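On a predicted model such as this, the values are computed, not experimentally measured, just so you know. Labels below follow one simple rule: chain letters A, B, ... track the order of the sequence lines, proteins then strands, and each chain is numbered from 1.
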There are 2 protein chains.
Amino acid sequence: METAPPHDGCPVTRTLDLIGERWSLLIIRDIFYGVRRFDALQHHLGISKKVLSCRLARLLQGGILKKVPYQQKPERFEYRLTQKGRDLFPVLLTMMRWGNRWLAEKNESHLHLKHLGCGEVAEPKLVCSHCEKPLSPASVRAETSNSSG
Amino acid sequence: METAPPHDGCPVTRTLDLIGERWSLLIIRDIFYGVRRFDALQHHLGISKKVLSCRLARLLQGGILKKVPYQQKPERFEYRLTQKGRDLFPVLLTMMRWGNRWLAEKNESHLHLKHLGCGEVAEPKLVCSHCEKPLSPASVRAETSNSSG
DNA sequence: ACTGGTTAGTCTCATAAAAAAACTAACAAG
DNA sequence: CTTGTTAGTTTTTTTATGAGACTAACCAGT
């Protein structure tokens, strides 16, 4: 990768505009964990209620979360991931792998993922969906395609 | 994934503590693109100099970037990724894929990656490094291992 | 010697965002 | 009619960000 495509319109820029604020990805991670209610999120994350309510509103508006009622009188609901939100799983997984590889501290408990398919600890690996070979910075070139004008 | 491991010490939390601030990942992306100098970064990103200099200092201190001189008199250097930094490539790739899938706008140019290995547009896919099968939220369970006390 | 240009910042100040904590609201149990 | 639960909003204080002026080391031109 040697030429720099524009910053605006880059899918990474757009992604971070939506989920790049402080706490957003941690909220999404917690919902993957099954922490789905306002109070539970607030306590598990140690986030202020105001910021939590702002972030949830943004993620709802962005189509990443949806509200699902779990009781009436008073009406209460929990936050669930949409398909769009669930599709952020690879982002969290690659961050988790990176954190485990580069930021893990000795003498501390270690969070890892067990792959239920094969029973092993899953080391996520990125491959090309066409040829199934690993993707590295050197093996890939960024290209801009004009889909119309 | 149904139980919630602790927030502190989670590799995602640790990762975001280091690279989760506004601009950090965009700086790293730009350096992948080959934008390596202070001025070039500042102009390409449209970031304030103060914030850029704070972020670069943090990424240097975190071992993600290193300074490499490219001239003397006056001494000038550029910012390069260390191995630790280069290893963030999958994070950017999964974000790029997500942005392309969910945030791309019609009638706009589209940034994609060409895989030089097979010549196709690379759709990055996450697989288990053991069995090579795709990793989904349902096929994986978070587990905490105590590496000592 | 003086002016302007390049690169890489720092400093200052106005505005925006976040943390902490008090307050609201709808209901249920005792 | 008081306490508890859940889901917030409001207010105040602290911190971060953005815009822009300024510094500093050098070079090239006149």
Per atom distances to the A:Val51 side chain, the nearest of C:dG9, D:dT17, C:dA19 is C:dA19
Sorted by position of nearest nucleotide on DNA chain D, 5' first, the leading residue of A:Phe38 and B:Gly46 is A:Phe38
With the side chain defined as heavy atoms from C-beta on, B:Trp23 is closest, among D:dG18, C:dT10, D:dA7, to D:dG18
Closest to the side chain of B:Asp39, out of D:dT5, D:dG18, C:dT7, is C:dT7
From CG of B:Leu52 across to C1' of C:dT7 the rounded distance in Å is 13 Å
Margin query: For a quick check of understanding: with a heavy-atom distance under 4.0 Å over all strands, which category does A:Lys49 fall into, base, sugar-phosphate or nothing?
Written below: base
Here the distance between atom P of C:dG9 and atom CG of B:Leu41, to the nearest Å, is 10 Å
A:Gln71 CD to D:dT5 P, in whole Å, measures 14 Å
Rounded to whole Å, CD1 of A:Ile47 lies from C1' of C:dA20 at a distance of 13 Å
Out of C:dA18, D:dA7, C:dT6, minimum distance to the side chain of B:Arg76 belongs to C:dT6
A:Gln42 atom CD is separated from C:dA18 atom P, nearest whole Å, by 15 Å
Side-chain atoms of A:Ser48 come closest, of D:dG8, C:dA19, D:dT5, to C:dA19
Ranking D:dG18, C:dA8, D:dG8 by distance to the side chain of B:Arg37, first place goes to C:dA8
To the nearest angstrom, the CD-P distance between A:Glu75 and C:dA26 comes to 13 Å
| said: If you count every heavy atom of other residues, nucleotides or ligands that lies below 6.0 Å from A:Lys125 atom NZ, does the total exceed 12? | reply: yes
* **Pair A:Arg101 + A:Glu123, salt bridge at N-O below 4.0 Å** => yes
Worksheet item: Given D:dT9, is OP1 or OP2 found less than 4.0 Å from the side-chain N or O atoms of A:Ser53?
Response: yes
- Shared hydrophobic cluster, B:Leu126 / A:Leu116 (ILVMFWY, side-chain heavy atoms < 4.5 Å): no
Atom CD of A:Glu21 and atom P of D:dT15 are separated, to the nearest Å, by 20 Å
The answer to which of B:Arg22 and A:Lys50 contacts DNA chain D further toward the 5' end, by nearest nucleotide, is A:Lys50
- Item | A:Leu41 side chain reached by A:Ile47 side chain, heavy atoms, under 4.5 Å | no
Open item on the list: Taking only side-chain N and O atoms of A:Tyr79, does any of them lie within less than 4.0 angstrom of OP1 or OP2 on D:dG8?
Closed with: yes
Note: B:Ala4 and A:Val35 closest approach over all heavy atoms is CB-CG2, 3.6 Å
The nucleotide from D:dG18, D:dC26, D:dT11 with an atom nearest the side chain of B:Pro74 is D:dC26
Rounded to whole Å, the CZ-C1' distance (A:Arg55 to C:dA18) equals 8 Å
Mind listing the side-chain donor-acceptor pairs of residues 79-97 of chain A below 3.5 Å, one per line with the distance, residues two or more places apart or on another chain?
{"unit_1": "A:Arg80", "atom_1": "NE", "unit_2": "A:Glu78", "atom_2": "OE2", "d": "3.0"}
{"unit_1": "A:Arg80", "atom_1": "NH2", "unit_2": "A:Glu78", "atom_2": "OE2", "d": "2.8"}
{"unit_1": "A:Thr82", "atom_1": "OG1", "unit_2": "A:Gly63", "atom_2": "O", "d": "2.6"}
{"unit_1": "A:Thr82", "atom_1": "OG1", "unit_2": "A:Ile64", "atom_2": "O", "d": "3.1"}
{"unit_1": "A:Thr82", "atom_1": "OG1", "unit_2": "A:Lys84", "atom_2": "N", "d": "3.3"}
{"unit_1": "A:Thr82", "atom_1": "OG1", "unit_2": "A:Gly85", "atom_2": "N", "d": "3.1"}
{"unit_1": "A:Gln83", "atom_1": "OE1", "unit_2": "A:Arg86", "atom_2": "NH1", "d": "2.7"}
{"unit_1": "A:Lys84", "atom_1": "NZ", "unit_2": "A:Gly62", "atom_2": "O", "d": "2.8"}
{"unit_1": "A:Arg86", "atom_1": "NH2", "unit_2": "A:Leu81", "atom_2": "O", "d": "3.3"}
{"unit_1": "A:Asp87", "atom_1": "OD1", "unit_2": "B:Arg97", "atom_2": "NH2", "d": "3.0"}
{"unit_1": "A:Asp87", "atom_1": "OD2", "unit_2": "B:Trp102", "atom_2": "NE1", "d": "2.7"}
{"unit_1": "A:Thr94", "atom_1": "OG1", "unit_2": "A:Pro90", "atom_2": "O", "d": "3.0"}
{"unit_1": "A:Thr94", "atom_1": "OG1", "unit_2": "A:Val91", "atom_2": "O", "d": "2.9"}
{"unit_1": "A:Thr94", "atom_1": "OG1", "unit_2": "B:Thr94", "atom_2": "OG1", "d": "3.4"}
{"unit_1": "A:Arg97", "atom_1": "NH2", "unit_2": "B:Asp87", "atom_2": "OD1", "d": "3.0"}

The nucleotide from D:dA19, D:dT6, C:dA17 with an atom nearest the side chain of A:Tyr70 is D:dT6
